[in-house]
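Below: one structure, written as structure tokens.
Side chains included, hydrogens not; waters and symmetry mates left out as well; all remaining heavy atoms used. Numbering of ligands and ligand atoms starts at 1, following listing order.
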Amino acid sequence: MQEANSHLHPDVATVLDGLEISDRPINHPAGARVMPKEAYMSQAFFDFERDAVFMHSWLCVGRVQQIAQPGDYMAVTLLGEPLIIVHGHDSEIHAMSALCRHRGHTLVEECAGNAKRLICPYHRWTYTIEGELVGAPRMSDAVKIRKLREESALPQLRVEIWYGFIFINFDKDAKPLAPSMVKLEPYMQGYDLDSMVTLPPSFIKDPLPWNWKMLFENYIEPYHTEYVHPVIHDFAPSTGTEFDPWRGDDDNVIVRYVPFLAPDGGLTEKGWAAPACFPPIETLSAKQRHRVGFGMVPPTMNIIFTPDMLCYGMVYPLSPTTLTVGGGLFTAGGWCMPKSTVALPDFADRVGRMMEGSRQLGEQDTSVNLAMQRAKFSRFAPRGRLAPLEETLSQFNRWLAIRYRQQGARMGYAPKNEAGGRRAAI
Ligand SMILES: [Fe+2]
């Protein structure tokens, strides 16, 4: 008899079979454990994960302020898909495939700008900014333009705007984003984003050589900060961390905060310290001015709440073992700041001081991430028990497990039963 999951790549079956001990609350008596190594290095699993996670999740691509006027657009490549995000003349934000419907040349290269029309550089097929074909040179002998227009609109993705952040979704049937984001509401209070300025993220030039999940894992767990970032993280001691509990299947936020040793701190050239590089935001509560909040909206966004700004970043995988990243204190930008802050005469100097702190944290985390990636190729790669201060890692694993299982079900994966055999595929 044929093995029930023989149609799946062995790496995919290995991860699905091994999910149970990762998909647990942190206080499970047998431990909530690290995911199987194949989830971090296998090309076959990465292909599975692209469908499981990225083709069904809300993906942050930036802020509306980046395309504030009708005709403004920005190009973004996500999971190998060239996309264009536009502010239409209908005042709506649209996300579309950036491939010309003729033979697939990209309509815009990696950039942003303002345009009345999108014109393919290859054969000058021309589209409205909202993605309708309006003209195609020398095609009228072959087909009526009306017919060509009907079959040549740019494929549209779902779009949802949350506090001015643009999220897109490849899945037309995805549940709305906002209800899954309620855990961030208390963090968002006091940041009047509409009146603040957005400085968009700058992306790194060379890919980082590790799996995308590792960047988030290192970012979201406070267990390591005392040991990997001595001195420069002392102002935000991990032992004070408060975790927001996991709320189950419809929860799309993982977030924790760390109280500062004094109010109005932030990232400085000396690491986390007070006073912050920028003036505190007066509309924040006393509690918000005494802490840093570290959040993530998997699978692409991190978001950091400090007394002087709101900082966001984008994390995009490129392959099983490479990723690109922009903002989020990993690189410059991704900053929402009061206008009065950006107008300070010494603003550039202050930015320089903060980025020096970012550099120090980043270098220390890089050595850790490189070691973690190497471990995933070892036959002795551990599936270790997560620590209480790694509550956020068990939440991330549970978020992932839901999506891995859903994709497994779509592909006819037959789960193992308790005796170790398999139920028949449904
Ligand atoms: Fe770190």
**Item:** Smallest separation among heavy atoms of D365 and H229, with atom names
**Value:**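 The pair with the smallest heavy-atom distance is OD1-NE2, 2.9 Å.
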**Message:** Under 6.0 Å from the ring centre and within 45 degrees of the ring axis: does the NZ or CZ of R291 meet both conditions for the six-membered ring of Y187?
**Reply:**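 The answer is yes, since R291 meets both limits relative to Y187.
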**Prompt:** Would R63 count as a cation-pi partner of F165, with NZ or CZ less than 6.0 Å from the six-membered ring centre and within 45° of the ring normal?
**Reply:**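 That pair qualifies as a cation-pi contact.
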**Message:** Which of the protein's N, O or S atoms come within less than 2.8 Å of the Fe ion (ligand 1), not counting waters?
**Reply:**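 Correct list: H224 NE2, H229 NE2, D365 OD1, D365 OD2.
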**Request:** Using a strict cut-off of less than 4.0 Å between a Lys/Arg side-chain nitrogen and an Asp/Glu carboxylate oxygen, indicate whether D23 and R405 qualify as a salt bridge.
**Result:**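 A salt bridge is present here (some side-chain N lies under 4.0 Å from a carboxylate O).
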**Any donor-acceptor pair under 3.5 Å from H290 side chain to S285 backbone** =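 Checking the backbone N and O of S285 against the side chain of H290, no donor-acceptor pair under 3.5 Å is found.
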For residues 380-389, dump all side-chain donor-acceptor pairs below 3.5 Å to protein atoms at least two apart in sequence or in another chain.
unit_1	atom_1	unit_2	atom_2	d
R383	NE	V34	O	2.8
R383	NH1	G18	O	3.1
R383	NH2	G18	O	2.8
R383	NH2	S22	OG	2.9
R383	NH2	V34	O	3.2
R385	NH1	P29	O	3.2

